[in-house]
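Note that ligands are numbered from 1 as they come in the structure, with each ligand's atoms numbered from 1 the same way.
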Amino acid sequence: MKDVVLFGLGKVAEVVHYDLTVEGGVRVAAFTCDPEFVDRDDFLGAPVVGFDVVEHTYPPDEFDLFVALGYHDLNALRAERLAQARAKGYRTPSFVHPRSGVPHDLELGENCFIMQDVLIQPRVKLGENVFVWSGALIGHHSTVGDNCWLTSHASIAGVVTVGRNCFFGLNATVGNGLSIGDECFLGANTLTTRDLEDRKVVVEKASEVLRLTPEQFLRISTLQ
Ligand SMILES: CC(C)(COP(=O)(O)OP(=O)(O)OC[C@H]1O[C@@H](n2cnc3c(N)ncnc32)[C@H](O)[C@@H]1OP(=O)(O)O)[C@@H](O)C(=O)NCCC(=O)NCCS
């Protein structure tokens with residue numbers, strides 16, 4: 001990666017900035033965002049410039065660009081800004097954390113973000129703009145489509161095919177050999193054991209909160 005311009009001013013951009021600079025040794029030259037969201041001159045020690053004019057100060061032949069946005073609109077915003085960055089002529093390389101468990105044969109597209117302690121098995125293909133947060137697992141011979149978002153501890157078993165723009169919440173689990181369509185939302189702690197067509201939503205109920213204090217609960221519990 002050359003010196004890079006990060007698209008985004010939010011928490012995702014802060015995390016990406018940390019990993020790129022501290023873990024990856026990349027210099028973040030500037031931040032950019034849609035002009036109406038430019039609300040400061042600098043962020044994390046780098047200047048902030050509107051996306052409409054970014055190429056004048058940080059030309060694509062000298063700087064790369066990385067889109068570091070969240071999963072708004074089921075990842076559609078990230079996808080759109082990535083396409084626009086490319087149209088401006090930027091290279092949009094991926095970042096793989098040096099301490100992630102990624103095999104040598106991993107195939108991945110551009111603008112992917114693979115965090116620390118991700119586990120990816122051999123024969124895996126990721127599309128472009130796939131974000132995989134620490135602790136997630138992608139099993140062997142699985143394919144994940146463009147713009148997907150895997151939150152920490154999402155687990156995709158082996159030989160799974162995932163379409164575009166899907167969201168996998170914390171601990172979302174997908175069984176082996178399944179096919180997940182485009183734009184599916186798999187909420188936290190879900191277990192998917194059947195193929196999903198496009199645009200399906202899978203959610204799990206939150207755990208019950210008892211109307212007991214810890215002391216009251218421990219009195220009636222066999223714990224301790
Ligand atoms: C699916 C999820 C969003 C539901 O959590 P929640 O706190 O109930 O969410 P919301 O209040 O936004 O729910 C929105 C609507 O979804 C529907 N819904 C939520 N859970 C439902 C369930 N078990 N069954 C049916 N509908 C449900 C309801 O219509 C709800 O609205 P309501 O207020 O009328 O109940 C949550 O379980 C989840 O997966 N969050 C993702 C966490 C995560 O991994 N974050 C990572 C960020 S990096």
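Atom 45 (N) of ligand 1 has its closest protein heavy atom at F167 CZ, 4.2 Å. Looking only at protein heavy atoms, the nearest one to atom 22 (C) of ligand 1 is V203 CG2, 3.5 Å. Of the protein's non-hydrogen atoms, L170 N, 2.7 Å is the one closest to atom 44 (O) of ligand 1. For atom 37 (O) of ligand 1, the closest heavy atom belonging to the protein is E204 O, 4.1 Å. In terms of protein heavy atoms, atom 47 (C) of ligand 1 is closest to Y71 OH, 3.3 Å.
In D39, the CG atom is crowded: over 12 heavy atoms of neighbouring residues, nucleotides or ligands sit closer than 6.0 Å.
A heavy-atom distance below 4.5 Å is not found between the side chains of D73 and E80.
Ring-plane geometry between F185 and F167 is classed as parallel, the angle between the planes falling under 30 degrees on a 0 to 90 degree scale with a further cut at 60. Between W133 and F113, the ring-plane angle classifies as perpendicular under the 30° and 60° cut-offs.
In terms of N/O distances under 3.5 Å, ligand 1 is not approached by F185.
In this structure, the separation between CG on D198 and NZ on K200 is 9.0 Å, given to the nearest 0.5 Å. Note that the CG atom of N165 and the CG atom of D146 stand 8.0 Å from one another [nearest 0.5 Å].
Closest approach of F63 to A29, counting heavy atoms only: CE2-CB, 3.5 Å.
Ligand 1 does not have F168 within reach: every non-hydrogen atom of the residue lies 4.0 Å or more from it.
In W133, neither the side chain nor the backbone holds a heavy atom less than 4.0 Å from any atom of ligand 1. Contacts of T151 with ligand 1, taken as heavy-atom pairs under 4.0 Å, involve the side chain alone.
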For this session: Test F43 against H17 for ring pair (Phe, Tyr, Trp, His ring centres under 6.0 Å), laying out the working first.
Result: CA-CA 10 Å; F43 184 50; H17 176 274; 7.5 Å; no
Exercise. How far apart are the C-alpha atoms of Q84 and R81, what are their side-chain angles, what is the distance that settles it, and do they pass the side-chain hydrogen bond (donor to acceptor under 3.5 Å, both in side chains) test?
Worked result: CA-CA 5 Å; Q84 290 166 341; R81 293 297 174 272; 3.1 Å; yes
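Using a 4.0 Å threshold on non-hydrogen atoms, atom 17 (C) of ligand 1 does not count as touching the protein. Within a 4.0 Å radius of atom 2 (C) of ligand 1, the protein contributes no heavy atom. Protein heavy atoms are absent from the 4.0 Å sphere centred on atom 9 (O) of ligand 1.
Shown in contact with G169 at under 4.0 Å from a heavy atom are these atoms of ligand 1, numbered in order with element: 44 (O). With ligand atoms numbered from 1 in the order given, ligand 1 contributes 39 (O) to contacts under 4.0 Å with heavy atoms of G187. Those atoms of ligand 1 that come under 4.0 Å of a heavy atom in K205, given as number and element, are 23 (N).
In terms of modelled atom types and a separation under 3.5 Å, the side chain of T173 and the main chain of N171 share a donor-acceptor contact.
Residue A188 holds the heavy atom nearest to atom 41 (C) of ligand 1 of all those in A172, A154, A188, A206.
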